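Right, one structure below, let's go through it.
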Amino acid sequence: MAQASTEFEAIIGLEVHAQLATRTKMFCPCPTTYGLPPNAATCPVCLGLPGALPVPNRYAVELAIRAGIALNCTIRRTSRFARKNYFYPDLAKGYQITQHDLPINEKGWIEINTPNGTKRIGITRIHLEEDAAKNLHGVGGTTDTLVDFNRAGIPLIEIVSEPDIRTGEEAEAYLRTLREILMFLGINDGNLEEGSFRCDANISVRPKGSNTFGTRVELKNINSFKFVRKAVDHEIARQIEVIRSGGTVLRETRTWSSTQDKTISLRSKEEAHDYRYFADPDLPPLVIDEGWIEEVRRTMPELPSAKRSRWQKEWGITQYDAQVMSIHPMVADFFEKSASLLWQKLGPEYPREKAGKRVANFVGSEVLRFVQSDGLQAEFPCTEEALSELLALLERGQINGKIAKDVFAIMVQTGKMPQVIIEERGLVQVQDEALIERTLRDILAKHPKELASYRAGKKGVRGFFVGQAMRSIEGADPQLVNRLLDRLLESIEI
Ligand code: ADP
Ligand code: MG
Ligand code: ZN
């Protein structure tokens, strides 16, 4: 297999289909709920029965506008629905309602992170369309194919990129960035396995320095991030190999086979004119006025990249922590609400950055592993109020880090508030100075050899004394132990 080449470069453009997170379908009031019994969510419109008329879903249009704004597109004041004609069992009408010559959004871009810094990837267009039904092959061990129309008519946006992507790595970065933006804006639930976020990759190669494109192959249905990079890089290598060995790359549709670890041919590619697109006579032009766009802009949720830079400034957390805290939109909200509550509890003189860091650390190391996410939803092991209460006790020195972790584990199991657990189990940190000092004096007196070697310059022995004290007073405040020990070691009497 040919490796990354110095003679050739790859040209990649991605088409992403993202289901819009609406409650009802694009042109009828059927629910979009995933996992209903087959054909339970259907009506004459989405079954394509004769005479049924489509009515556009206003919220779907609003989400498409939101996507256009987020991806820096020009939003068309008048766009148009078109019929894309073809026959397939999952398409009862014999055509799909989509947008063709006048899509709702055009000419945008997003920025992705690459090993050589940020790179801008152009967005050619974003158009609105309806999803097709789902063919189920070989149900119950038969050779039959059954059709489930629950998916038919679910609103989609198709996001078509410019051929600006050059490697499998960039393709993956683009998809991850796009998915994150759509999820944070509540446009799409980002679920690759359930197919609500799907990607096709167009790939061609050309000699370096050439300014024409080679013949492209379309890689269908890349449904996992694990395979994006691999599939794209394999296809690039395959095409280079074909050209090197004197062959020509065919215009075709291929798919990634994860069992064979290579791309395989599905069919030769149809051309646009095969679909005989025309404006759908059942639907008037889609007119969007300035006021609506302004309203959508005003009520847009914050973009994930903006959130991360704001957090680094306002909450003093590192870029890495900001990345972790923005792993899911609900985690982002959980982090920010917990940090605000903690800061409120500790009072305005308390440094905001300390509250932010404390929450980011604890969420990253303790809370996240209990978070269950499903699409745009996520379940947390405790409330923001409970977490901030626990961390306030820790910041005030009433409990130490070890006890905080133990209390958190009990909170997860019982759902009780931290104060209740601490009282019930007597876990308050020991801050009795007299007791700690007495214990330390005792320890130093019992270990004259260690004390002598400390005095002779072996500073590491200090940790031994702290350990001894922590062991003999369960729940001792480690800060206090350290302070009192320092004082004793400096004094001459012992
Ligand atoms: P189609 O309907 O044939 O899939 P689209 O216009 O919807 O065509 O999508 C074309 C996609 O392929 C875009 O993302 C575009 O950037 C990309 N593309 C176009 N030409 C090439 C090429 N020669 N090599 C790689 N990608 C290409
Ligand atoms: Mg296409
Ligand atoms: Zn319906």
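Below, all heavy atoms of this structure are taken into account, side chains as well, without hydrogens, waters or symmetry copies. This one's a predicted model, so the numbers in the text were calculated from it and none came from an experiment. Note that ligands are numbered from 1 as they come in the structure, with each ligand's atoms numbered from 1 the same way.
For Glu129 and Lys84, the salt-bridge test fails: no basic side-chain N is under 4.0 Å from an acidic carboxylate O. The residues Asp131 and Lys25 are annotated as not salt-bridged, no charged nitrogen and carboxylate oxygen being separated by less than 4.0 angstrom. Between Arg83 and Asp282 there is a salt bridge, with a side-chain nitrogen of the basic residue lying less than 4.0 Å from a carboxylate oxygen of the acidic one. The residues Lys307 and Glu180 are annotated as not salt-bridged, no charged nitrogen and carboxylate oxygen being separated by less than 4.0 angstrom. Ion pairing between Glu241 and Arg238 fails under the 4.0 Å rule for side-chain N and carboxylate O. Salt bridge Glu158/Arg125: absent, no basic N to carboxylate O contact under 4.0 Å.
For a threshold of 3.5 Å applied to N or O pairs, the pair formed by Val160 and ligand 1 contains no separation below that value.
In this structure, Arg176 forms a cation-pi arrangement with Phe225, its terminal cationic atom sitting closer than 6.0 Å to the ring centre and no more than 45° off the ring axis.
Of all the listed residues (His127, Lys84, Glu15), Glu15 holds the heavy atom that lies closest to atom 7 (O) of ligand 1. If you check each of Ala201, Gly214, Pro163 against atom 23 (N) of ligand 1, the one with the closest non-hydrogen atom is Gly214. The residue among Arg216, Glu162, Glu218 with a heavy atom at the shortest distance from atom 8 (O) of ligand 1 is Arg216. When Ser204, Ser161, Gly13 are checked for heavy-atom proximity to atom 22 (C) of ligand 1, Ser204 turns out nearest.
Thr259 and Ser257 are linked by a side-chain donor-acceptor pair at a separation below 3.5 angstrom, with hydrogens and angles left out of the test.
At a heavy-atom cutoff of 4.0 Å, ligand 1 is contacted by the backbone of Leu14 but not by its side chain.
Nearest heavy-atom pair, Met300 versus Ile69, reported as atom, atom and distance to 0.1 Å: CE-CG2, 3.7 Å.
Panel detail: the Zn ion (ligand 3) has protein N, O or S atoms under 2.8 Å away, 4 in number.
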